[in-house]
Amino acid sequence: MEAIPISFMRVIEGSLFTSTSPTAVSYQDHQLVCIDNSGYIERIIARTEPDFESVRQAASRSDTLVTLAADQYILPGFIDLHIHAPQWPNAGLALDRPLNEWLDTYTFPLEAKYADPAFAKRIYDALVSRLLSNGTTTALFFGTIHNPANLELAKACIRHGQRGFIGKVAMDNPKETPTYYQDASAQVAVEQTEQFIQQLSDLNRTTDLKQTPVITPRFVPSCTPASLQGLGDLAKKYDLPVQSHCSESDWENGFALEHYHMRDADVLDRYGLLTDKAVMAHGTLLNEQDYQLFKTRQVAIAHCPISNVYFGNAVLPVKRILHQQLKMGLGTDISGGYSPSLYHNIRQAVMSSRMLQDGVDNQLAADHRGVANSAISAKTAFYMATFGGAESLHLKTGKIAPGYLADLQIVQLSTHIIPPDKDDDIFDALLYQTEEQDIVQVYVQGKQTKGEL
Ligand SMILES: Nc1nc2[nH]cnc2c(=O)[nH]1
């Protein structure tokens, strides 16, 4: 009996790299990545398998075959685990100011402009397409306090084909937020968060690419105990992800100690905001006790290495934290970080970790200068940008394997006149050299969002 040909939505023929652990990457030469009609990878067929040729020919006949050039590679799409969508127009501005001054003079005045949904639509359209163009297939976004603008962000994600996790920002503490940009009360902050949950649920009825609402207390200083409590209750009621900033700076750490006589993480925990679906940005000043709390609650950390150079007051000890098996992904933190590219953040994560290991004060003896055993490899940074982020968001993506969502980027290694021949060298060259123009195609749930359509 003749085998019934299986029809795939798309078949991509090429070589791929995917993480297998926080320190290892697998290279698979010349495969067929077969994507089913729901956007999942159904099979990966090696050239040595008996039906490689028949599947390839069937895909070619049905015009669903994409064949890569010899210098192109398939990588998982990246997950930006911390990004402030409204801050995109400020990328690169005022990074020499301290965090609280930067917020007051640059960030809050810009975010207040999103009271105008037309302004929001213009910026969010530009941002979402730029992120996809940089290989980011999923993003965990902070929005603003305004729901019409937050809905524009969700609609931009759907229009361009990006998976968004989106938070209506809650900030109701009148002492730490400007009158022109604050929730009128804790009740308003919580009610509008709940309203946004309903609005996204309605919007999701119109699309296969679901957008997820996220409970988003900006950070402890901008919220009152009443809003923190109300938001913790909502997270439980709807079983939703939570995002906030935690121990990002000495100032933020000091605020919790002064006002609550507790550590920043303990304040969030008191109000039920540290859950297994919580993602806390930065954490540069978390201590060993905080790591234990995060481990117990299964909280993830969004490491934002470029931003941390400006606002973090310390280098996050990524290797130590991953060693304790905490979940961790990578974020751009636009506009605390100036770049929309997770490639740039991968590089900075490696560089910062090496500076942590060697130390920075040249007047100290070598054995007192740094923190031993801190350097991470590009493989570890890649793991965070892919599988680490996916795991933090409970998503079946970030890996190229059967059963995973086909969120993929096709990258061209065009910069080397003499291309490296070892897999490890090709991988490093890709991570260190890729810029936006080298990402030739991007797929989210198997649907193409960048490249010739
Ligand atoms: N980096 C950063 N930290 C914050 N803490 C509170 N708000 C912000 C923000 O917008 N960016």
Side-chain angles (χ1 to χ4, degrees), residues 80-114 123 127 139-146 149-150 153 166-178 181-183 189 214-224 227-228 231 242-256 259 264-265 267-268 273 278-286 301-316 329-340 345 348 352:
D80 189 337
L81 203 57
H82 182 64
I83 170 165
H84 294 264
Q87 295 175 18
W88 177 228
N90 272 358
L93 306 191
L95 292 171
D96 54 347
R97 310 285 179 94
L99 179 62
N100 50 342
E101 199 183 307
W102 173 84
L103 285 171
D104 288 341
T105 55
Y106 275 80
T107 306
F108 293 154
L110 172 60
E111 291 193 14
K113 291 190 183 165
Y114 290 76
I123 304 300
L127 172 67
L140 173 54
F141 291 109
F142 272 58
T144 60
I145 65 170
H146 322 96
N150 297 328
L153 177 55
I166 302 169
K168 175 253 175 298
V169 171
M171 40 192 286
D172 67 313
N173 182 357
K175 293 202 189 106
E176 297 293 332
T177 53
Y181 185 52
Q182 61 185 206
D183 291 306
V214 183
I215 307 297
T216 307
R218 185 173 201 118
F219 66 158
V220 166
S222 14
C223 294
T224 58
S227 67
L228 292 173
L231 294 169
V242 177
Q243 62 180 340
S244 192
H245 302 82
C246 188
S247 287
E248 175 184 9
S249 63
D250 288 310
W251 172 69
E252 182 182 342
N253 248 5
F255 184 95
H259 292 84
D264 207 23
V267 179
L268 292 162
L273 292 159
V279 177
M280 292 295 135
H282 308 297
T284 43
L285 293 162
L286 294 170
I301 296 175
H303 177 36
C304 306
I306 293 182
S307 168
N308 291 166
V309 171
Y310 300 102
F311 298 134
N313 296 145
V315 174
L316 188 77
L330 214 53
T332 59
D333 189 33
I334 293 285
S335 64
Y338 56 79
S339 171
N345 279 278
Q348 186 63 52
S352 294

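Atoms within each ligand, like the ligands themselves, are counted from 1 in listed order. When a residue number appears, it is its place in the shown sequence, counting from 1.
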Notebook entry, point to check: Short N/O distance, under 3.5 Å, between Trp102 and ligand 1?
Noted result: no

Note to self: Determine whether the aromatic ring centres of residues Trp251 and Phe219 are separated by less than 6.0 angstrom.
What the structure shows: yes

Next item on the list: Would you check the N or O atoms of Thr107, main chain and side chain alike, for any that come under 3.5 Å of an N or O of ligand 1?
Entry: no

Check: Given the side-chain rings of Phe142 and His245, with only the six-membered ring counted for Trp, is the space between their centroids under 6.0 Å?
Finding: yes

Checklist line | Which of the ligand 1 atoms, numbered from 1, are nearer than 4.0 Å to a heavy atom of His282 | finding: 1 (N)

Note to self: In terms of relative ring orientation, are His259 and Phe255 parallel, tilted or perpendicular, with 30° and 60° separating the classes?
What the structure shows: parallel

Note to self: Looking at Lys168 and Asp183, is there a salt bridge between them, counting it only when a charged N and a carboxylate O are closer than 4.0 Å?
What the structure shows: yes

Checklist line | atom 3 (N) of ligand 1 - nearest protein heavy atom and its distance | finding: Glu248 OE1, 2.7 Å

Margin query: Considering non-hydrogen atoms of the protein only, which is the closest contact for atom 7 (N) of ligand 1, and what is the distance?
Written below: Arg218 NE, 2.9 Å

Notebook entry, point to check: Taking N or O atoms only and a 3.5 Å limit, does Ser307 qualify as a polar contact for ligand 1?
Noted result: no

Note to self: Checking His82 against His282 for the ring-ring contact (aromatic ring centres under 6.0 Å, His included) test, could you report, in this order, the C-alpha distance in whole Å, the side-chain angles of both residues, the deciding distance, and whether it holds?
What the structure shows: CA-CA 9 Å; His82 182 64; His282 308 297; 5.1 Å; yes

Next item on the list: Select one of side chain, backbone, both or neither to describe which atoms of Glu252 lie under 4.0 Å from any atom of ligand 1, heavy atoms only.
Entry: neither

Item checked: Option passing side chain to side chain contact (heavy atoms under 4.5 Å, CB included) with Gln348 (candidates Leu330, Val309, Asn308) -> Val309

Next item on the list: Please say whether Glu111 places an N or O atom under 3.5 Å from an N or O atom belonging to ligand 1.
Entry: no

